[in-house]
Amino acid sequence: MKQQQHPLMLAFNLLLFLIIFVVCSTYSLTIPRLSPIAEWEKTDGDDDYSDVKTFYYNQTLDHFNYRPQSYEKFQQRYLINFKYWGGANNSSNAPIFAYLGAEEPIDNSPKTIGFLTDNAASFNALILYIEHRYYGQSVPFGSRKEALKNASTIGYFNSAQALADYAQVIIHIKSTFNAKNSPVIVIGGSYGGMLATWFRLKYPHLAIGALASSAPILYFDHITPHSGYYSVVSRDFREASNTCYETIRKSWSEIKRIASQSNGLSILSQKFNTCEPLKQINDLVSYLELMYASAAQYDRPPDYPVTVICGGIDGISSKKSDILSKIYAGVVAFRGNNTCKVNGPVNISETSEGWRWQTCSEMVIPIGIGNNSMFEPQSYNYESFARYCKKKFGVAPRPHWVTTYYGGHDIKLVLKNFGSNIIFSNGLRDPYSSGGVLNSISDTLVAVHTVNGSHCLDILGAKETDPNWLVEQRKTEIKIMKGLLSPKTLHPHSAVFSHQHHTIPSTTTKHTYHTHTLKEEREEGEVKAPARGKATAAVAGITEREREIETERENRRAGFSVATATRGCCRSQPRLHLAVLGRAAVVRELEERERKRRRREGELAGEERRRCRSMSRFRHRSSTQSSPLSFTTVRAVPVAVLLSPPELLSVAAAKSLLRRS
């Protein structure tokens, strides 16, 4: 591998470019890019990938329409590592780990996503890496220039199409390698983690489970407070050094003060050794904001970028240096001592172009800055953002589409009714964890989080220097995955998972690192986490209002009625009708009636038998009794009625149920 520059020098070549596209008439925050690894951790691609083979699938352009253009094809790249696979004919049906590519080429994925290669041998798993459409070599219309030409060609670039791509490739792989009975677990990190979650929900017949690392699926449509991301950034810096936190907090007013002077921008340019003279103050402010955010997002061992920056800021004597000199020292500590730091040339990569479109179309993550942070308050400005997107691409963003298509609101109430077999892993030092699922929703929707973890740290390769809490987090995830693939979980003759919820072994759901809530962690003194707003509180536990909503929904789902019946034990039997009642209300009423019935069992039983046997007595009662079937007429409604759908039961079914009661 050739000698590289300082590992932190490339930290913001991509991220700084994102500043450009969100700055229009009104300054607006960027949407920090979602990626399992930071820019400074990129490799040059000289590593040995001899175990990885490259393939291409003739992919359909548009899976959801039937226009002539929809049937056009493009070559989608995928990689396979066969080294650890037990084979399709193995009696254990060796699984397939499908890594869902995100907003970058998959060239480096076999190396960077070391969690797969570290553990594939223990599963005898085949490892599949699928590239996301419009990235890397998986580009429609013959070239990237044509693919991104206008809204007509780039309009096929969205997550729903990508998920359908993955489904097609997985079906193709299972067919090609005769792996029909090989269960599939999809894995993804960050945006890829969202895709893994959504794939399991949309294509449960293809994937038995999903590992979603650092997937902020709740950071849409105002579910998570806008200030969530930068609140965590501020907390990370404050925990590293309160002095550093205060210096950064005070620096913004100092930057403004100097910039307001006649030659202020020139002074700031010299102070921060910019590559090009500053033309506006926002160039410097945005650079620093993004530097702090990126350091917090990837604040992982052994370097811990937040500690590096604060070491530079705190390392200069207060008596000899002003606030901005300290800030610049933090920049040097993080970026290295190269000739210039700020406002330098930006490499416009395919990732920056692609992510710009995705955030301008459906991945609308509303990020703002609240009052209680080390940054200056700044509200989320959707109008400004939408104007830019409209001008750039000719289409406006759809800020509500993600929650409309995939869900997100009332996540605990919704997912536990139909979702299963998803591992939501997070590190609480990751700012995007504020939009993640931090607490288990059910026995098969499990949250695994670590207090000191960062963005996608768990799916990176293991190192000898890894702290024990990280080792344990990965062990927990592996244990859950093995539970998904156990004979008790899998159908003996098919890789398709049953629609029933299968309970993960209890030992995996009681682990210290993922079952306790943030409240419990604070009580144990393990983490100093600020309040994350109502949205996160809703994730942490079901509120009273949620319980009421859940009860109402259960009642509506359990509503039922019994068919009109004109022929019972007696020809003149009154019309049978049971009003639509909630299941909970019915059960309570039945319990009360049952208690009364037991006290009067002999009398009621004899009376009911006489009613049915005596035609004249029944006619007499029919003329004086109201038509709805009362609970004195049917002393106990069978369970089958309670579980029946709202449709009317047949006469024969009603008679049978009443007799069994």
Considering only NZ, NE, NH1 and NH2 on the basic side and carboxylate oxygens on the acidic side, decide whether E254 and R257 come within less than 4.0 Å. yes

With the side chain counted from C-beta on, respond yes when Y292 and F375 share a heavy-atom pair under 4.5 Å apart, and no when they do not. yes

Ignoring hydrogens and geometry beyond distance, is a side-chain donor-acceptor pair present between D299 and S454 at under 3.5 Å? no

Using the test side-chain contact (heavy atoms from CB on, under 4.5 Å), find all partners of D118 that sit at least two apart in sequence or belong to another chain. A462

CG of D107 to CG of L79: how many Å apart, nearest 0.5 Å? 7.5 Å

Could you tell me whether the side chains of Y134 and E350 share a donor-acceptor contact shorter than 3.5 Å? no

If the condition is side-chain contact (heavy atoms from CB on, under 4.5 Å), which residues does N273 pass it with, not counting sequence neighbours? Y328, K341

Could you tell me how the ring of H222 sits relative to the ring of H226: parallel (under 30°), tilted (30 to 60°) or perpendicular (over 60°)? tilted

Does F123 reach the side chain of M481, with side-chain heavy atoms less than 4.5 Å apart? yes

List for me each residue that meets salt bridge (charged side-chain N to carboxylate O under 4.0 Å, His left out) alongside K463, sequence neighbours excluded, and say none if there are none. none

Residue set satisfying side-chain contact (heavy atoms from CB on, under 4.5 Å) with A102, at least two apart, ordered chain then number -> Y191

Quick one: ring-ring contact (aromatic ring centres under 6.0 Å, His included) partners of Y406, sequence neighbours excluded? W198

Is it the case that N119 and S122 place a side-chain donor and acceptor less than 3.5 Å from each other? no

Test item: Y229 and I369 side chains (from C-beta on) under 4.5 Å apart, heavy atoms: no

Which residue pairs pass the disulfide (SG to SG under 2.5 Å) test with at least one member in residues 246-306, sequence neighbours excluded? C275-C340

